[in-house]
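One structure below.
Positions are given from 1, in the same order as the sequence printed here.
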Amino acid sequence: VVAIFLAAILMFIFPLMSLAERTDDISSLAVQTATTEFVDDVRTTGKMTLDDYEQYLSDISSTGNTFDIEVLIQQLDENPGMKTTQAEATKIGENLYYNMYTTQVEEQLYSKGRITLKEGDLVTVTAKNTNQTISQMLRNFFYMISGNDSYQIVGQHSGVVSVNGSTSKN
């Protein structure tokens, strides 16, 4: 009886776990690729449009998982002041960044349709799955690993905007 039970585990459960892990790896790669392409598009065009954002959400949702998306835009505010040093005559004052978080980004995208960025702004996007995949369920069952904060599929990318976004709507 024990031998039959062990044979069933070796023949069915471990291949199923391996297949589920591969599915998660493929989904993770797809999410990472979509996130990288989205952020790089924002960096090189200097703008984030509602169409691009919705296309990104569609791309990552095509993996069959649900995601928690975190978008952080740090807008450079060059604050010219009166201070200057002899060593660095071109820089006056200090540069500050003002943060826009996911809810603010989505609010502006849905109301105005776009966010225009300028050179030096920072963009960070992170996508983590919120559903439990088959691989996670099997792993939790066999290894007794559990936790609400555990996620298997993640995509993260950030970068500095390299051009000023166009303010015209063409």
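Taken from CD in Gln74 to CG in Leu117, the straight-line distance is 11.5 Å, to the nearest 0.5 Å. If you take CD1 on Ile115 and OG1 on Thr49, they are separated by 10.0 Å, rounding to the nearest 0.5 Å. Atom NZ in Lys128 sits 13.0 Å away from atom CD1 in Ile60 (nearest 0.5 Å). How far CG of Leu109 is from CD of Glu106: 7.5 Å, rounded to the nearest 0.5 Å. To the nearest 0.5 Å, atom OG1 of residue Thr45 and atom CG of residue Asp52 are 7.0 Å apart. A distance of 9.0 Å separates CZ in Arg43 from OG in Ser158, rounded to the nearest 0.5 Å.
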(Q) I'd like to know whether Asn129 forms a side chain to side chain contact (heavy atoms under 4.5 Å, CB included) with Thr66, so could you lay out the CA-CA distance, the side-chain angles of the two residues, the decisive distance to 0.1 Å, and finally the verdict. (A) CA-CA 6 Å; Asn129 73 308; Thr66 57; over 6 Å; no
Q: Could you check Arg139 against Gln136 for side chain to side chain contact (heavy atoms under 4.5 Å, CB included), going step by step and ending with a plain yes or no?
A: CA-CA 5 Å; Arg139 197 176 322 113; Gln136 287 172 301; 4.2 Å; yes
Q.
Checking Thr133 against Asp24 for the side-chain hydrogen bond (donor to acceptor under 3.5 Å, both in side chains) test, could you report, in this order, the C-alpha distance in whole Å, the side-chain angles of both residues, the deciding distance, and whether it holds?
A. CA-CA 8 Å; Thr133 65; Asp24 283 357; 2.8 Å; yes
Q) After noting the C-alpha distance and the side-chain angles of Leu76 and Tyr98, does the key distance pass the side chain to side chain contact (heavy atoms under 4.5 Å, CB included) rule? A) CA-CA 7 Å; Leu76 179 64; Tyr98 293 100; over 6 Å; no
Q | Asn65/Asn131 under side-chain hydrogen bond (donor to acceptor under 3.5 Å, both in side chains): CA gap, chis, key distance, verdict | A | CA-CA 6 Å; Asn65 298 295; Asn131 62 317; 3.0 Å; yes
Q: Please test Gln55 against Asp59 for side-chain hydrogen bond (donor to acceptor under 3.5 Å, both in side chains), starting from the C-alpha separation and ending with a verdict.
A: CA-CA 6 Å; Gln55 181 63 44; Asp59 288 347; 2.8 Å; yes
Q | Criterion side chain to side chain contact (heavy atoms under 4.5 Å, CB included) on Ile73 and Leu122, from CA distance to verdict | A | CA-CA 6 Å; Ile73 296 177; Leu122 305 173; over 6 Å; no
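Around the CD1 atom of Ile134, the shell of radius 6.0 Å holds no more than 12 heavy atoms that belong to other residues, nucleotides or ligands. Other residues, nucleotides and ligands place more than 12 heavy atoms under 6.0 Å from the OH atom of Tyr110. At most 12 non-hydrogen atoms from other residues, nucleotides or ligands lie less than 6.0 angstrom from CD of Glu107. Within 6.0 Å of CD1 on Ile4 lie no more than 12 heavy atoms contributed by other residues, nucleotides or ligands.
With hydrogens and angles disregarded, a donor-acceptor distance shorter than 3.5 Å links the side chain of Thr35 to the backbone of Val31. Of the possible polar contacts, none joining the Glu37 side chain to the Ala34 backbone as a donor-acceptor pair under 3.5 Å is found. Listed for the Asn164 side chain is a donor-acceptor partner under 3.5 Å among the backbone atoms of Glu119. Side-chain atoms of Arg114 never come within 3.5 Å of backbone atoms of Met48 as a donor-acceptor pair (strictly under, hydrogens ignored).
In this model, a donor atom of one side chain and an acceptor atom of the other lie less than 3.5 Å apart for Thr36 and Gln32. Looking at Glu21 and Ser135, their side chains do bring a donor and an acceptor atom within 3.5 Å of each other. Inspection of the Asn99 and Tyr97 side chains reveals no N or O donor paired with an N or O acceptor under 3.5 Å.
Across all their heavy atoms, Ile69 and Ala127 have their closest contact at CD1-CB, 3.6 Å. Looking at every heavy atom in both residues, Thr63 comes nearest to Ser27 through CB-OG, 3.9 Å.
Aromatic ring orientation, Tyr53 versus Phe38: tilted (interplanar angle from 30° to 60°).
Using a 4.5 Å heavy-atom cutoff, the side chains of Tyr56 and Val125 are in contact.
Salt-bridge formation is not detected for the pair Arg22/Asp25: no Lys NZ or Arg NE/NH1/NH2 atom is positioned less than 4.0 Å from an Asp or Glu carboxylate oxygen.
Hydrophobic clustering (side-chain heavy atoms under 4.5 Å, transitive across Ile, Leu, Val, Met, Phe, Trp, Tyr) keeps Leu72 apart from Val154. Residues Phe67 and Leu29 do not share a hydrophobic cluster, defined by chaining ILVMFWY side chains whose heavy atoms lie under 4.5 Å apart. Grouping the Ile, Leu, Val, Met, Phe, Trp and Tyr side chains by contacts below 4.5 angstrom, directly or via other members, places Met17 with Phe5. Linking Ile, Leu, Val, Met, Phe, Trp and Tyr whenever their side-chain heavy atoms come within less than 4.5 Å puts Met137 and Leu16 in one cluster.
Other members of the cluster containing Phe12 are Met11, with ILVMFWY side chains joined at under 4.5 Å, either directly or via other members.
Residue His157 forms a side-chain hydrogen bond (donor to acceptor under 3.5 Å, both in side chains) with just one option from Thr124, Asp40, Thr126, and that option is Asp40.
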